[in-house]
Amino acid sequence: MKSYDVAILGLGTMGSFTALQLARRQVSVVGLDQFAPPHHQGSHSGETRVFRIAYYEHPDYVPLARRSGLLWDGLSQEFETTLLTRSGMLSMGQEESELISGIRKSSRLHGLDIETLSATEIRSQFLALQPPDDFVGLLEKTAGWIDAGASIRLGLKRARVLGAELTLDNPVLGWESDGGQVKVKTHRDNLIARKLIITAGAWANQMLGDLGLPFTVRRKVIAWFDPLKPEQFQEGNIPIFAFAPNLFYGFPNIGGRGVKIGEHLGGNLIRDLSLPVMPPSAEDLDSLVQAASKVVPSLIGPWQGHDLRLLRAMTCLYTMTPDQHFIIDQHPRHENVFFAAGFSGHGFKFAPVIAEVLADLALEGETALPIDFLRLRGRFQKSRN
Ligand SMILES: Cc1cc2nc3c(=O)[nH]c(=O)nc-3n(C[C@H](O)[C@H](O)[C@H](O)COP(=O)(O)OP(=O)(O)OC[C@H]3O[C@@H](n4cnc5c(N)ncnc54)[C@H](O)[C@@H]3O)c2cc1C
């Protein structure tokens, strides 16, 4: 049986960058995935991801996001391609909304540069955006979008060049640890590693079943539209935008491939991941179109139930925790097993820094990066009883 220093279970967003990080640290690493990332079955489909630092969800994410931003820029240089494009992001809502008050809190605590715009200023600067009069907008100019597919593809390619062994289309069926080493059973064969890192995304519960973690998986729909007024959505003319309270969001018309829109809140619960995820339905699209017609009417124009402006749509999975914060920790019963999961629809931007954290934990047993608020510890006691 082949043996390694570290095995990584799942080579999607977090696993691909963890493989790269470990390969850089010159340990023998094997990565396994049931599919061939990047793919459309998990949580990284949909081409683009928002990068932002002024974090409304919790100010403690700010130092991690800052570090991640530096790492994204470094990776762009290393791969000689722009992975993170700083288009800016405008978040809009009532002053007391969770979105606006949360961004203000993080910006105040961490001295972030955020510009406040009134609804009138927004409507005149960005013609596509039509917030109601009682909304304000917070503009984070250094926010932007990440090319998700290229990031994972290039991350895995570089990991391979640096010596990582990557085995794709090979589902892991289970693992067992005797404290000293972990035996990983895959569809093709078995292997042994001194440490195991589990980054299984929506499948985390299957691979960490004995912990009974309170993850729920949600199906999300995203869609791209050919804008009715293309100049208003051109890159450079509009930042990424998000509107409270449902966090309806959209991107510029990147590369002329359409304006991507979605909603952060909501989504159907997925109870059985062995069944195919239902493709986007007319009802899903109708809900997105309704939201768009209120605040970005020049995207689709008067909507009559036809799909002339719809270019494409797809699904993607969120793995939610009850408090919507990630869980990153050592396995409470197996000291040589580590995991990162429950990214609750906002993890992609952190992938390079999470990779550093996981490599630190697996190789050193600790990390200097500030992740204590994301550890499992006493969180979710009630929901686990
Ligand atoms: C529509 C949508 C929009 C989003 N927007 C943003 C955004 O703008 N900004 C942001 O920061 N985040 C965003 N996110 C969230 C972000 O994409 C996720 O948090 C992140 O992709 C999660 O990474 P992951 O590694 O946990 O999962 P994945 O990338 O899905 O990787 C998990 C991998 O594990 C593999 N795996 C699982 N089980 C097994 C097994 N038994 N054997 C072998 N392999 C296995 C899977 O095949 C998969 O490749 C969004 C998510 C969605 C769905």
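Just the heavy atoms: all of them, side chains too, but no hydrogens, waters or symmetry mates, feed the values below. Counting convention: from 1, in listed order, for ligands and their atoms alike.
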Inter-residue atom distance [X].[atom1] - [Y].[atom2], 0.5 Å rounding:
{"X": "Ile114", "Y": "Ile100", "atom1": "CD1", "atom2": "CD1", "answer": "10.0 Å"}
{"X": "Glu235", "Y": "Thr85", "atom1": "CD", "atom2": "OG1", "answer": "7.0 Å"}
{"X": "Ile103", "Y": "Arg108", "atom1": "CD1", "atom2": "CZ", "answer": "12.5 Å"}

- Query: Taking only residues two or more places apart in sequence or in another chain, which ones pass side chain to side chain contact (heavy atoms under 4.5 Å, CB included) with Arg123?
  - Reply: Ala119, Thr120, Gln130, Pro131, Asp133

- Compare Val50, Ile198, Leu11 and give the one whose heavy atom is closest to atom 7 (C) of ligand 1.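 Heavy atom nearest to atom 7 (C) of ligand 1 belongs to Val50.
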
- For atom 30 (O) of ligand 1, state which one of Ser43, Ala65, Gly31, Ser45 supplies the nearest heavy atom. Ser43

Which atoms of ligand 1 are found less than 4.0 Å from any heavy atom of [X]?
{"X": "Leu317", "result": "53 (C)"}
{"X": "Phe35", "result": "47 (O)"}
{"X": "Gly201", "result": "26 (O), 27 (O), 32 (C)"}
{"X": "His44", "result": "28 (P), 29 (O), 30 (O)"}
{"X": "Gly345", "result": "6 (C), 12 (N), 13 (C), 14 (N), 15 (C), 50 (C)"}
{"X": "Ala200", "result": "32 (C), 34 (O), 37 (C), 38 (N)"}
{"X": "Thr199", "result": "32 (C), 33 (C), 34 (O)"}
{"X": "Tyr318", "result": "2 (C), 50 (C), 51 (C), 52 (C), 53 (C)"}

- Message: Check contact between Gly46 and ligand 1, using heavy atoms of the residue and a distance below 4.0 angstrom.
- Response: no

- Message: I'd like to know if Tyr249 contacts ligand 1, where contact means a heavy-atom distance under 4.0 Å to any ligand atom.
- Response: yes

- Pair Tyr55-Phe350, ring pair (Phe, Tyr, Trp, His ring centres under 6.0 Å): steps then yes or no: CA-CA 12 Å; Tyr55 230 68; Phe350 297 98; 5.4 Å; yes

Considering distance alone, does some N or O of [X] sit under 3.5 Å from an N or O of ligand 1?
{"X": "Phe251", "result": "no"}
{"X": "Leu9", "result": "no"}
{"X": "Pro171", "result": "no"}

- Message: For the residue pair Lys349 and Phe51, would you count it as a cation-pi contact if the rule is NZ or CZ under 6.0 angstrom from the ring centre and within 45 degrees of the ring axis?
- Response: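 Judged by the rule, Lys349 and Phe51 form no cation-pi pair.
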
- Query: If you draw the axis of the six-membered ring of Phe373, does the NZ or CZ of Arg375 fall within 45° of it and under 6.0 Å from the ring centre?
  - Reply: no

- Any sub-3.5 Å donor-acceptor pair from His346's side-chain atoms to Gln324's backbone N or O? yes

Between [X] and [Y], does any side-chain donor sit less than 3.5 Å from a side-chain acceptor?
{"X": "Glu165", "Y": "Tyr4", "value": "yes"}
{"X": "Asp73", "Y": "Ser76", "value": "no"}
{"X": "Thr186", "Y": "Asp189", "value": "yes"}
{"X": "Arg104", "Y": "Thr116", "value": "yes"}
{"X": "Lys220", "Y": "Thr315", "value": "no"}

I need the nearest protein heavy-atom contact for [atom]: residue, atom name and distance, please.
{"atom": "atom 53 (C) of ligand 1", "value": "Cys316 SG, 2.3 Å"}
{"atom": "atom 42 (N) of ligand 1", "value": "Val172 N, 2.8 Å"}
{"atom": "atom 47 (O) of ligand 1", "value": "Asp33 OD1, 2.7 Å"}
{"atom": "atom 34 (O) of ligand 1", "value": "Gly10 CA, 3.3 Å"}
{"atom": "atom 21 (O) of ligand 1", "value": "Thr13 OG1, 2.7 Å"}
{"atom": "atom 16 (C) of ligand 1", "value": "Phe348 N, 3.5 Å"}
{"atom": "atom 31 (O) of ligand 1", "value": "Gly12 CA, 3.3 Å"}
{"atom": "atom 6 (C) of ligand 1", "value": "Arg49 CD, 3.1 Å"}

- Message: Can you classify the ring geometry of His334 versus Trp175 as parallel (below 30°), tilted (30 to 60°) or perpendicular (above 60°)?
- Response: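 It falls in the perpendicular class, over 60°.
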
Is it the side chain, the backbone, both or neither of [X] that has a heavy atom closer than 4.0 Å to ligand 1?
{"X": "Met207", "value": "side chain"}
{"X": "His39", "value": "side chain"}
{"X": "Gln34", "value": "both"}

- Does the side-chain contact (heavy atoms from CB on, under 4.5 Å) test come out yes or no for Leu154 and Thr81, once each step is laid out? CA-CA 10 Å; Leu154 294 172; Thr81 185; 3.4 Å; yes

